[in-house]
Amino acid sequence: MSKYKVEIKFATDALKAIYAAGERLAITKEVTGNKGKSVTWVSTLPFENNVIEWEEDYLLYASRQEVQAGAMISKLSEEVGVCGAMYSFESGIFQNARAVECVGKNEYGLQNGMDMYPHLSFGLAQPVRVNDELQMGNPINVLTVPYNHMAVMSPKEKIKVFLAADLDNGVVISREFSNALEVEYVGNETEKTVVYDQKSGMFIPA
């Protein structure tokens with residue numbers, strides 16, 4: 001199981017301006033397939049040197065929160081996901097994991113079997129360590145799944161790093177942020193470093 005890290009660095013003058021503007025350091029993670037909407041995976045007050053670390057561990061979660069911009073996702077049920085498995089969501093829990101052709105080796109599948117609701121919200125969540133603080137299972141995406149429908153999600157080791165005001169962990173993203181830097185881990189890459197360039201108002205690779 002691979003471990004990944006991104007270091008994010010700020011100059012002191014840049015931090016003063018960011019705090020004065022009430023902004024936070026935010027990160028989202030990419031999901032393909034039935035990806036739904038992005039959710040703020042990490043939101044934190046920045047320091048001069050920030051370290052974000054994670055492993056390839058994913059959780060499936062269910063919520064009754066409507067999928068709309070600015071919504072705060074509240075997980076009602078969750079289960080450690082197994083790659084290549086389709087789960088049934090029945091009786092309020094994920095169960096009956098099984099191998100099916102439509103779920104590949106880096107994919108997570110679910111079928112909504114809760115007939116008492118017209119639809120529920122589902123997604124993937126992932127633990128992350130933010131400046132030495134472990135955060136358990138922050139959502140990374142959310143989508144609406146009607147009763148008896150299936151969803152197949154594939155997480156990628158690709159993140160976006162940006163600044164935003166009033167954006168906490170678990171908030172559904174409504175728009176693209178102009179200062180976002182896409183950081184992708186390819187092949188054997190597991191560590192990246194980016195810096196905030198105050199003149200351009202952008203993050204750049206170190």
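For reference, positions follow the sequence shown, starting with 1. Computed over heavy atoms, backbone and side chain alike; hydrogens, waters and symmetry mates excluded. Please read these numbers as outputs of a predicted model, since none were measured by experiment.
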> Do you know which of Ile8, Asp13, Thr12 makes side-chain contact (heavy atoms from CB on, under 4.5 Å) with Phe10?
Replying inline: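 Among Ile8, Asp13, Thr12, the one meeting side-chain contact (heavy atoms from CB on, under 4.5 Å) with Phe10 is Ile8.
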> Considering residues at least two apart in sequence or located in another chain, which fulfil the salt bridge (charged side-chain N to carboxylate O under 4.0 Å, His left out) criterion with Glu7?
Replying inline: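 Here the qualifying residues are Lys5, Lys9.
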>> Taking salt bridge (charged side-chain N to carboxylate O under 4.0 Å, His left out) as the definition, give me every residue that meets it alongside Glu56, ordered by chain and number, with sequence neighbours left out.
In response: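 Expected list: none.
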Roughly how far apart are [X] [atom1] and [Y] [atom2], rounded to 0.5 Å?
| X | Y | atom1 | atom2 | value |
| --- | --- | --- | --- | --- |
| Phe177 | Glu23 | CZ | CD | 9.5 Å |
| Asn49 | Thr193 | CG | OG1 | 10.0 Å |
| Tyr4 | Thr190 | OH | OG1 | 7.5 Å |
| Met86 | Leu110 | CE | CG | 7.0 Å |
| Leu120 | Glu66 | CG | CD | 9.5 Å |
| Asn34 | Thr144 | CG | OG1 | 11.5 Å |

Would a hydrophobic clustering, with Ile, Leu, Val, Met, Phe, Trp and Tyr connected at side-chain separations under 4.5 Å, put [X] with [Y]?
| X | Y | answer |
| --- | --- | --- |
| Met116 | Val145 | yes |
| Val67 | Leu59 | no |
| Tyr185 | Phe162 | no |
| Tyr108 | Phe89 | yes |
| Leu181 | Leu15 | yes |

> Less than 6.0 Å separating the ring centroids of Trp41 and Tyr58?
Replying inline: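 No: the rings miss the under 6.0 Å criterion.
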Do the non-hydrogen side-chain atoms of [X] and [Y] ever get within less than 4.5 Å of each other?
| X | Y | answer |
| --- | --- | --- |
| Val172 | Lys37 | yes |
| Ile204 | Val194 | no |
| Ile73 | Tyr61 | yes |
| Thr28 | Ile173 | yes |
| Asn141 | Phe122 | no |
| Ser121 | Leu143 | no |
| Pro118 | Tyr147 | no |
| Trp54 | Gln126 | yes |

Give me the atom names and distance for the closest heavy-atom approach of [X] to [Y].
| X | Y | answer |
| --- | --- | --- |
| Ala125 | Gly137 | CB-O, 3.3 Å |
| Gly170 | Pro139 | CA-CD, 4.5 Å |
| Ala26 | Leu167 | CB-CD2, 4.5 Å |
| Pro146 | His119 | CA-CB, 3.8 Å |

>> Is it the case that the side chains of Gln135 and Asn169 hold a donor-acceptor pair, with the cut-off being a distance below 3.5 Å and no angle test?
In response: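 Indeed, the side chains of Asn169 and Gln135 share at least one donor-acceptor pair under 3.5 Å.
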> When you check the gap from the basic side-chain N to the acidic O, do Glu30 and Lys156 get nearer than 4.0 Å?
Replying inline: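 Salt bridge between Glu30 and Lys156, a charged N being under 4.0 Å from a carboxylate O: no.
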>> I'd like to know if Glu184 and Lys192 make a salt bridge, using a cut-off of under 4.0 Å between side-chain N and carboxylate O.
In response: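 No salt bridge links Glu184 with Lys192.
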> Listed by chain and number, what are the side chain to side chain donor-acceptor pair (under 3.5 Å) partners of Asn148, not counting sequence neighbours?
Replying inline: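 Side chain to side chain donor-acceptor pair (under 3.5 Å) list for Asn148, sorted by chain: Gln111.
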>> Run the side chain to side chain donor-acceptor pair (under 3.5 Å) test against Asn50 and tell me which residues pass, sequence neighbours left out.
In response: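 Partners of Asn50 under the side chain to side chain donor-acceptor pair (under 3.5 Å) test: Asn131.
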> How about Met114: does its CE atom have over 12 heavy atoms from other parts shown lying under 6.0 Å from it?
Replying inline: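 Atom CE in Met114 is crowded, with more than 12 foreign heavy atoms closer than 6.0 Å.
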>> Check this for me: Tyr19, atom OH, are more than 12 non-hydrogen atoms of other residues, nucleotides or ligands nearer than 6.0 Å?
In response: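 Result for OH/Tyr19: enclosed.
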Counting distance only, does the side-chain N/O of [X] pair as donor-acceptor with the main-chain N or O of [Y] below 3.5 Å?
| X | Y | value |
| --- | --- | --- |
| Asn112 | Met150 | no |
| Arg24 | Ser43 | yes |
| Glu189 | Val186 | yes |

>> Run the side-chain contact (heavy atoms from CB on, under 4.5 Å) test on Ile27 and Ile52 for me, step by step, so that the C-alpha distance in whole Å, both residues' side-chain angles and the decisive distance to 0.1 Å come before the verdict.
In response: CA-CA 10 Å; Ile27 299 175; Ile52 315 299; 3.8 Å; yes
>> Per the side-chain hydrogen bond (donor to acceptor under 3.5 Å, both in side chains) rule, what does the pair list look like for residues 69-84, sequence neighbours excluded?
In response: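 Pairs touching residues 69-84 that pass the test: Lys75-Glu78.
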> What pairs meet the side-chain hydrogen bond (donor to acceptor under 3.5 Å, both in side chains) rule with one or both residues in residues 196-206, with sequence neighbours excluded?
Replying inline: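 Of all non-adjacent pairs touching residues 196-206, those that pass side-chain hydrogen bond (donor to acceptor under 3.5 Å, both in side chains) are Asp197-Ser200.
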>> One pair to check against side-chain contact (heavy atoms from CB on, under 4.5 Å): Leu25 and Leu45. What are the steps and the verdict?
In response: CA-CA 6 Å; Leu25 173 62; Leu45 292 171; over 6 Å; no
> Glu90 and Gln95: side-chain contact (heavy atoms from CB on, under 4.5 Å), yes or no, with the steps?
Replying inline: CA-CA 7 Å; Glu90 301 173 2; Gln95 53 188 305; 3.5 Å; yes
>> Evaluate Asp168 against Thr40 for side-chain contact (heavy atoms from CB on, under 4.5 Å), listing each step before the verdict.
In response: CA-CA 7 Å; Asp168 292 324; Thr40 310; over 6 Å; no
